[in-house]
Amino acid sequence: MAGPKPRTFKGTRDFTPAEMIPRERLIERIKRVFRLYGFSPLETPALEMLSVLAGKYGEEGDKLLYKLDYKNDDFSSRVALRYDLTVPLARVVAAHPEWPMPFKRYQIQPVWRADRPQIRQGRFREFYQCDVDTVGAEEGLADAEILALTIEMLDELGFESGDRRAIVQLNHRRLLEAVCVRCGQPRERLADFSRALDKIDKIGREGVNDELARIGITGDGLARLDEVLESAGPNVAPLEVADRVRALFPGDPAATAGVDGLVTILRALDDLGAPLARISLNPALARGLDYYTGAVFETVLPAHPHIGSLTGGGRYDELIGLYGGADVPATGTTIGLDRMFAAMEQLGMVASAGATVTRVLLAAYSDEQVPACLHAVRAFREAGVPCELFPKAGKLKKPFAHADKLNIPFVAVIGPDEATHPDGLHVSLKDLSTGAQETVALAAAVKRAREAVLSS
RNA sequence: GUCCGAGUAGUUCAGCUGGUUAGAACGCCUGACUGUGGCUCAGGAGGUCGUGGGUUCAAAUCCCAUCUCGGACCCCA
């Protein structure tokens with residue numbers, strides 16, 4: 001008679017109150033920055049027509065789509081769980097050519113990938129993305145704004161210095177294309193080439209050489225790649241890197257377009273007051289998704305390479321046009337909420353908040369005091385203090401132990417003495433962190449609890 | 001998709017080369033404390049040792065299969 005095991009599907013998980021409380025706080029902080037930059041909320045369905053998603057992410061991405069066959073064999077009715085939030089955005093925008101441009105939206109929703117989960121890396125099959133995108137603006141300010149916002153958010157969350165310091169890496173698809181050609185490869189090999197190059201942080205220059213050898217780049221090609229990689233370095237300012245790279249490609253249209261794009265973005269970033277020291281122009285950065293056409297960026301924690309990128313994005317000027325209308329330029333980034341949260345947990349940046357939002361637990365000494373307790377509960381709630389009555393009167397040990405376990409800061413007891421106090425209803429308010437307890441009028445107790453709640 | 005490692009109380013694990021009733025810590029419940037948590041102390045509940053098969057007088061322990069979980073690749077948030 002054993003029922004099914006109460007487990008979640010591989011790579012998915014429940015979020016307990018103890019996890020949701022800091023998680024919601026994190027989401028609020030991210031949203032606040034999004035709104036500050038003028039992005040408005042959008043939501044789209046979890047399910048998309050398969051035809052909308054297929055072929056947008058590259059070979060790997062297509063394999064990772066969760067496909068559903070809800071009417072057998074009818075291909076036109078096939079649907080899939082969304083893989084990211086960018087492609088759904090492109091669909092929405094393509095469906096509304098009348099919308100005023102630029103269109104700036106943020107979107108915080110789960111996405112699904114049929115991946116092999118790896119918890120320590122903050123990698124799941126169901127995870128939340130927080131996307132911000134600007135549609136209808138050419139390369140430049142819009143991209144700079146996305147990056148400025150990214151840095152501002154990272155700093156606000158505490159990824160500013162020491163081993164928590166996050167770096168935003170920046171590159172450009174056109175430049176990558178030029179580098180590929182420079183190494184003697186046809187443009188068609190760009191995907192293989194970039195994939196190999198992108199691993200440089202993980203497997204080092206030697207490893208990259210091995211990979212490149214496999215696609216036929218050796219000797220001279222490697223030397224020409226070296227010149228490009230040497231122009232960047234951990235302590236070289238991004239604009240300096242841009243100058244050096246430009247000098248390596250005189251008259252090359254792709255490289256010039258790429259470098260020009262990057263320089264425009266960097267100048268705008270500087271004008272926006274963003275710290276350029278947090279930007280690293282990395283000619284090896286590739287990013288996997290097919291739809292990027294211009295600048296690409298991602299955030300890494302140099303001190304914690306195993307965690308993977310915290311954010312990732314780029315410009316995709318040709319994606320929206322795939323839905324039949326005109327091309328509309330667009331750029332944006334994704335904040336990986338779960339990866340961010342995993343990083344914050346591993347770096348001790350998440351304060352354990354306890355498993356409840358309740359701040360005051362009312363306890364009745366006996367059933368006679370329950371009405372007085374309910375009266376008090378109402379008073380706390382009217383003052384904005386989250387509060388509840390322990391449902392069983394008597395045995396004060398129970399509510400106290402309960403409050404202790406859930407980290408509720410205050411217990412308010414009402415017994416015969418408090419209920420029949422000559423100066424009106426009193427409560428005995430105990431601060432569980434200090435153990436201090438005093439019997440005061442209800443209004444005074446509410447005031448004290450309110451002050452404590454506001455200051456935390 | 002490829003390659004490793006692990007599955008024993010609610011949780012984290014111990015249990016050596018097979019040998020009586022399978023243990024610890026933490027957690028949980030009760031009491032010491034008939035108006036009060038955390039600390040201490042005394043009790044208590046809780047396990048078909050992932051599942052199926054095999055070897056053996058005897059299997060948590062050895063072998064095979066299977067499922068699940070974790071890690072490294074690949075890729076990505």
Side-chain angles (χ1 to χ4, degrees), chain A residues 2 5-11 13 57-64 82-86 108-131 150 191-192 194-196 198-199 202-203 207 211 285-290 292 296-301 306-314 332-343 361 363-366 368-369 390 393-419 427-439:
Chain A
K5 290 266 187 312
R7 59 199 179 98
T8 59
F9 179 57
K10 189 185 183 70
R13 56 248 212 274
Y57 303 106
E59 220 178 298
E60 280 297 325
D62 274 5
K63 272 193 266 178
L64 299 180
R82 66 171 164 243
Y83 178 92
D84 71 355
L85 302 178
T86 307
I108 301 177
Q109 289 190 276
V111 303
W112 294 268
R113 294 182 189 177
D115 225 356
R116 187 85 194 260
Q118 235 139 80
I119 307 318
R120 200 171 77 101
Q121 298 178 9
R123 178 171 163 169
F124 307 92
R125 285 182 170 170
E126 175 184 72
F127 60 98
Y128 271 72
Q129 293 198 324
C130 312
D131 273 41
T150 301
D192 289 334
S194 342
R195 203 174 307 126
D198 196 42
K199 290 184 210 162
K202 257 188 191 167
I203 61 180
E211 294 264 331
L285 175 70
R287 314 258 338 126
L289 299 177
D290 268 8
Y292 294 124
V296 289
F297 24 85
E298 74 177 26
T299 301
V300 293
L301 297 173
H306 76 266
I307 291 180
S309 51
L310 260 35
T311 80
T333 195
T334 297
I335 318 294
L337 186 71
D338 299 277
R339 196 162 278 185
M340 183 92 80
F341 202 78
L361 183 68
Y365 174 69
S366 70
E368 281 82 77
Q369 285 84 44
F390 191 78
K395 281 275 188 196
L396 292 177
K397 190 182 178 63
K398 300 253 189 192
F400 272 93
H402 189 249
D404 187 57
K405 273 181 269 194
L406 296 187
N407 256 304
I408 298 173
F410 293 99
V411 173
V413 179
I414 299 182
D417 298 345
E418 290 86 352
V427 302
S428 292
L429 187 70
K430 182 166 185 177
D431 179 338
L432 293 210
S433 62
T434 63
Q437 175 174 324
E438 53 180 338
T439 303

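All chains are named by letter (A, B, ...) in the order of the sequence lines, taking the proteins before the strands, and each is independently numbered beginning at 1.
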Distance check needed: [N] [atom2] versus [X] [atom1], whole Å only.
{"X": "A:Ile408", "N": "B:U36", "atom1": "CD1", "atom2": "P", "result": "18 Å"}
{"X": "A:Ile119", "N": "B:A77", "atom1": "CD1", "atom2": "C1'", "result": "13 Å"}
{"X": "A:Phe127", "N": "B:C75", "atom1": "CZ", "atom2": "C1'", "result": "11 Å"}
{"X": "A:Arg116", "N": "B:G70", "atom1": "CZ", "atom2": "C1'", "result": "9 Å"}
{"X": "A:Arg82", "N": "B:A77", "atom1": "CZ", "atom2": "C1'", "result": "14 Å"}
{"X": "A:Tyr57", "N": "B:C74", "atom1": "OH", "atom2": "C1'", "result": "19 Å"}
{"X": "A:Leu285", "N": "B:A77", "atom1": "CG", "atom2": "C1'", "result": "14 Å"}
{"X": "A:Phe400", "N": "B:U34", "atom1": "CZ", "atom2": "C1'", "result": "16 Å"}

Between [N] and [X], counting only base atoms on the nucleotide and side-chain atoms on the residue, is there a donor-acceptor pair under 3.5 Å?
{"X": "A:Gln437", "N": "B:G37", "answer": "no"}
{"X": "A:Lys395", "N": "B:G35", "answer": "no"}
{"X": "A:Arg123", "N": "B:C75", "answer": "yes"}
{"X": "A:Asp404", "N": "B:G37", "answer": "yes"}

Could you identify the nucleotide paired to [N], looking across every strand shown and requiring Watson-Crick or G-U wobble geometry with both distances under 3.5 Å?
{"N": "B:C29", "result": "B:G43"}
{"N": "B:C13", "result": "B:G23"}
{"N": "B:U2", "result": "B:A72"}
{"N": "B:U66", "result": "B:G50"}

Which nucleotide in the list [options] gets nearest to the side chain of [X]?
{"X": "A:Lys397", "options": "B:C75, B:C69, B:G37", "answer": "B:G37"}
{"X": "A:Lys10", "options": "B:G70, B:G37, B:G35", "answer": "B:G70"}
{"X": "A:Leu396", "options": "B:G35, B:G37, B:C74", "answer": "B:G35"}
{"X": "A:Lys398", "options": "B:U36, B:C29, B:U30", "answer": "B:U30"}
{"X": "A:Phe124", "options": "B:U30, B:G37, B:A77", "answer": "B:A77"}

Integer angstrom distance from the [atom1] of [N] to that of [M]:
{"N": "B:C3", "M": "B:A45", "atom1": "C1'", "answer": "44 Å"}
{"N": "B:C69", "M": "B:C13", "atom1": "C1'", "answer": "16 Å"}
{"N": "B:A58", "M": "B:A42", "atom1": "C1'", "answer": "39 Å"}
{"N": "B:G54", "M": "B:U17", "atom1": "P", "answer": "24 Å"}
{"N": "B:A14", "M": "B:U2", "atom1": "P", "answer": "30 Å"}
{"N": "B:G53", "M": "B:G47", "atom1": "C1'", "answer": "22 Å"}

[N] phosphate, OP1 or OP2: any side-chain N/O from [X] under 4.0 angstrom?
{"X": "A:Lys199", "N": "B:C74", "value": "yes"}
{"X": "A:Arg195", "N": "B:C74", "value": "no"}
{"X": "A:Gln118", "N": "B:A72", "value": "yes"}

Measure the shortest side-chain to side-chain distance between [X] and [Y] over non-hydrogen atoms and say whether it is less than 4.5 angstrom.
{"X": "A:Tyr83", "Y": "A:Arg113", "value": "yes"}
{"X": "A:Leu361", "Y": "A:Phe410", "value": "no"}
{"X": "A:Val427", "Y": "A:Val413", "value": "no"}

Quiz item: Around atom NZ of A:Lys199, are there more than 12 heavy atoms of other residues, nucleotides or ligands at under 6.0 Å?
Solution: yes
Quiz item: Would the number of heavy atoms belonging to other residues, nucleotides or ligands and lying under 6.0 Å from CZ of A:Phe400 be above 12?
Solution: yes
Exercise. Pick base, sugar-phosphate or nothing for A:Ala401, based on heavy-atom distances below 4.0 Å to the nucleic acid.
Key: sugar-phosphate
Exercise. Nearest-nucleotide wise, let me know which of A:Tyr128 and A:Thr8 is further upstream toward the 5' end of RNA chain B.
Key: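 It is A:Thr8, whose closest nucleotide lies nearer the 5' terminus.
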Practice problem: By nearest nucleotide on RNA chain B, pick out whichever of A:Ser433 and A:Tyr365 is the more 5' one. | Solution: A:Tyr365
Quiz item: Are any of the side-chain nitrogens in A:Arg195 or A:Asp192 under 4.0 Å away from the carboxylate oxygens of its partner?
Solution: yes
Practice problem: Please round to the nearest 0.5 Å and tell me the distance separating atom OG1 of A:Thr439 and atom CD1 of A:Ile414. | Solution: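 The distance works out to 10.5 Å.
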